[in-house]
Amino acid sequence: MSRTHSSEGNLITRTFFRLLPIQILLAAIGAVNNMVSSLFASNSVGAASMSAIGLYNPINLLMCAICGMFVCGSQILCGKFMGANQMEKTQSVFSMDIIFATLFSLLYAALHVLAVLFGWLRIFTSDAEVLNYLNQYTLGRAIGILPFVIGQQLAAFLSLENRTGRTTFASVVFIIVNLVANYVFVAVLKMQAFGLALASSCGLWVFMLIELVHFLGKKSLLKLKFTGLKDGSIKEIVKVGLPGVLGDAYQTVRGLIVNALILAYAGSAGMSAQATVNSFLGMFWTIPAGMLTVSRMLMSVSIGEKDRASLKDVMYNMLKWCVPIMSVVSIALALLAEPITNLYYHVPTEEVYRMTVWGFRLMPLVMPVAIMAMHSTCYAQTSGKIVLVHVMSVMDGVGGVVLVSLALMPLLSINGFYIANIMNSVITVLIVLIYSIIKNRHFPRSMDELMVIPKDFGVSEDERMDISVTDMDQVMTVSQNVMEFCEKRGIDQRRSYLAGLCLEEMAGNVISHGFKKKRGPHSVDVRVVHSEDSMILRIKDDCVPFNPAERKEIMDPEDKAKNIGIRMVYGIAEKVEYQNILGMNVLTIHI
Amino acid sequence: MMGDKMLKIDKKNNAGKLELKLIGKLDTTTAPELEEAISSDLKEGVAVTIDMAELAYISSAGLRVLLMVKKSVGNGGTLKLRNVTSEVQDVLEITGFSTLLEQE
């Protein structure tokens with residue numbers, strides 16, 4: 001009898017929620033930073049400095065986009081290589097990413113300095129006071145480009161190494177340094193816009209240095225090496241990461257068109273209203289952004305491991321948890337529309353007040369649909385469905401919002417724009433459905449079909465067995481199941497017996513030691529794969545990191561009474577591999 | 001399926017000679033049963049023989065009990081395994097227990 005069921009659902013969900021807070025925090029750094037900056041700018045420097053910050057925004061967006069391309073591309077590749085246990089390739093991607101991200105940062109910072117020296121920023125404004133602030137601000141920001149870009153790369157790699165605690169610490173320090181530096185530079189030393197920018201740059205340097213310490217230490221899996229680099233790595237990073245940047249490029253175009261539409265149909269009150277709504281909701285968009293980052297890591301590892309069940313579980317997890325959570329958040333925001341508006345505007349009869357209230361009622365509703373759309377885009381990107389990625393990017397970037405706005409705004413004014421944003425995500429989700437209908441030639445009947453997972457992805461159902469174990473009694477049953485599965489697959493009795501034995505030893509080890517050392521619900525996911533005479537046992541858990549190879553090294557070969565189980569498994573197996581990916585212990589035993 | 005984990009223990013204690021016959025599987029769940037069944041019989045100087053003709057499976061937990069038996073009877077006593085099946089023999093050899101435990 002071989003019980004086959006989706007055993008990893010729980011493990012994926014637990015890993016998801018373990019990694020989520022840090023990713024939200026990372027996404028929130030920008031939002032908090034903006035809030036702190038705008039508070040000091042409006043209170044200590046004046047309105048003209050706010051304009052300068054606003055004008056600088058596109059320059060910042062471009063940097064974020066390119067930085068995002070490096071993060072996204074290298075994260076997907078590293079996840080895949082780690083999943084496939086190819087550490088050399090992982091190292092190469094890491095090193096190339098850091099080298100090229102550094103080169104980009106230095107170039108971008110140099111451009112900042114040149115722009116100020118030669119007065120290039122004049123193209124953004126003709127107002128002398130604003131231009132002065134913009135020049136100051138640009139110089140201050142130039143200092144923080146390198147630590148920003150590298151800090152983001154390191155944070156992504158720390159997640160892969162499951163060292164997110166360091167990022168949390170660095171983030172908290174960053175926020176404190178930023179706050180103190182703003183006070184000192186802007187409020188006390190009166191350094192104006194230069195002080196504002198310098199404050200955040202200082203914070204970013206501290207953030208990056210804290211993260212860097214890990215990679216200089218011995219505990220780091222990833223090391224910066226300048227030898228054995230594969231030139232292909234950087235091309236791959238760009239190739240995988242570029243669709244995300246293209247999306248940002250489309251967004252910029254969309255921003256320009258949408259601004260013109262808003263000014264035409266809703267006037268400057270509409271412009272202020274949507275700017276207000278967007279700036280406030282920015283804090284809440286960090287939740288779906290964090291969710292997406294975690295899902296992206298889980299997806300790329302699942303694809304690397306050719307683990308169909310886990311890959312689907314990431315999607316199930318999104319539907320089961322992310323969509324409901326975002327629905328609750330968005331409904332709560334919509335219900336609080338008026339009190340939130342009161343933070344900004346105080347005269348309910350004014351047009352801008354009314355438009356802002358409607359913005360807070362409608363725009364949050366984008367979130368639950370967007371989380372589906374974002375996951376779809378991310379999956380298309382991770383699994384290399386490039387045509388789909390481009391179609392979705394074009395529709396999301398330009399098509400959806402602009403077309404629907406054009407149709408609705410003449411009738412509904414600014415509300416037409418708000419509704420267009422909701423429709424935009426709906427359209428993206430529909431594109432996924434249409435793509436799947438085209439590829440399957442019928443309406444998708446399963447998650448496999450909806451996700452258009454290739455038939456030959458991973459191993460077929462009858463070549464594998466997936467079981468989840470939570471206590472010792474189950475271990476024995478599963479060990480028996482493994483033996484029966486092996487015999488049914490025509491594996492000789494001896495090998496079947498040894499497979500069952502390895503499972504008892506290693507899964508039992510996790511339950512008797514791992515479960516006790518770390519509180520909370522745990523399970524061990526067992527997968528047995530037999531194809532073309534190769535027999536693989538994979539045991540996955542989320543308890544404390546435990547590398548049996550290290551244990552084997554420190555044990556005394558003469559003392560046969562110690563670690564009998566591990567000794568046995570190493571004696572039986574052709575090869576034993578251990579990895580810690582995203583905080584999960586993954587033990588692969590070849591028999 | 002749970003029935004498979006059963007271990008049957010035949011025990012004869014005859015004035016300092018303990019004869020055991022194990023039938024079934026000696027694994028993580030059944031090893032403590034064996035330990036409990038024989039703990040009162042184990043004293044310094046006892047000669048223990050274990051018939052393993054019908055023992056189909058042994059894991060590290062089982063080996064640990066065998067080791068415990070050997071220690072309990074001390075230098076004055078003996079532990080001998082009898083009729084070891086090829087599966088169990090494999091495990092004894094992989095772990096180095098074949099040189100540690102005497103066989104008839």
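Since the structure is predicted, the reported quantities are computational estimates derived from the model, not experimental observations.
When side chains are defined from C-beta on, B/T29 counts as touching A/D473, because their heavy atoms get closer than 4.5 Å.
Between B/I58 and A/Y497 the shortest heavy-atom distance is N-OH, 3.2 Å. Summarising the geometry of B/S60 relative to A/G565, their closest heavy-atom pair is CB-N, 3.6 Å, with the distance given to 0.1 Å. Here the shortest heavy-atom pairing between A/G571 and B/I94 reads CA-CG2, 3.5 Å.
Residue contact with chain B, scored on non-hydrogen atoms closer than 4.5 Å, involves the side chain of A/S479 exclusively.
Counted within 6.0 Å of CG on A/D492, heavy atoms from surrounding residues, nucleotides or ligands total more than 12; the atom is thus considered enclosed. Sparse packing is recorded around NZ of B/K12, with 12 or fewer heavy atoms of other residues, nucleotides or ligands lying under 6.0 Å away. Annotation for A/Q493: atom CD does not count as buried by contact number, only 12 or fewer foreign heavy atoms lying within 6.0 Å.
Atom NZ of residue B/K25 and atom CE of residue A/M476 lie 5.0 Å apart, to the nearest 0.5 angstrom. Taken to the nearest 0.5 Å, the CZ atom of A/R494 stands 8.5 Å off from the OG atom of B/S86.
A side chain to side chain contact (heavy atoms under 4.5 Å, CB included) with B/D27 is found for one member of A/E505, A/M472, A/E504 and no other, namely A/E504.
Proximity to chain A at a heavy-atom threshold of 4.5 Å picks out B/A56, B/Y57 from residues 43-57 of chain B, in numerical order.
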Check your understanding: Is there a side chain to side chain contact (heavy atoms under 4.5 Å, CB included) between A/L501 and B/E87 once you walk through the steps?
Key -> CA-CA 11 Å; A/L501 191 57; B/E87 284 90 354; over 6 Å; no
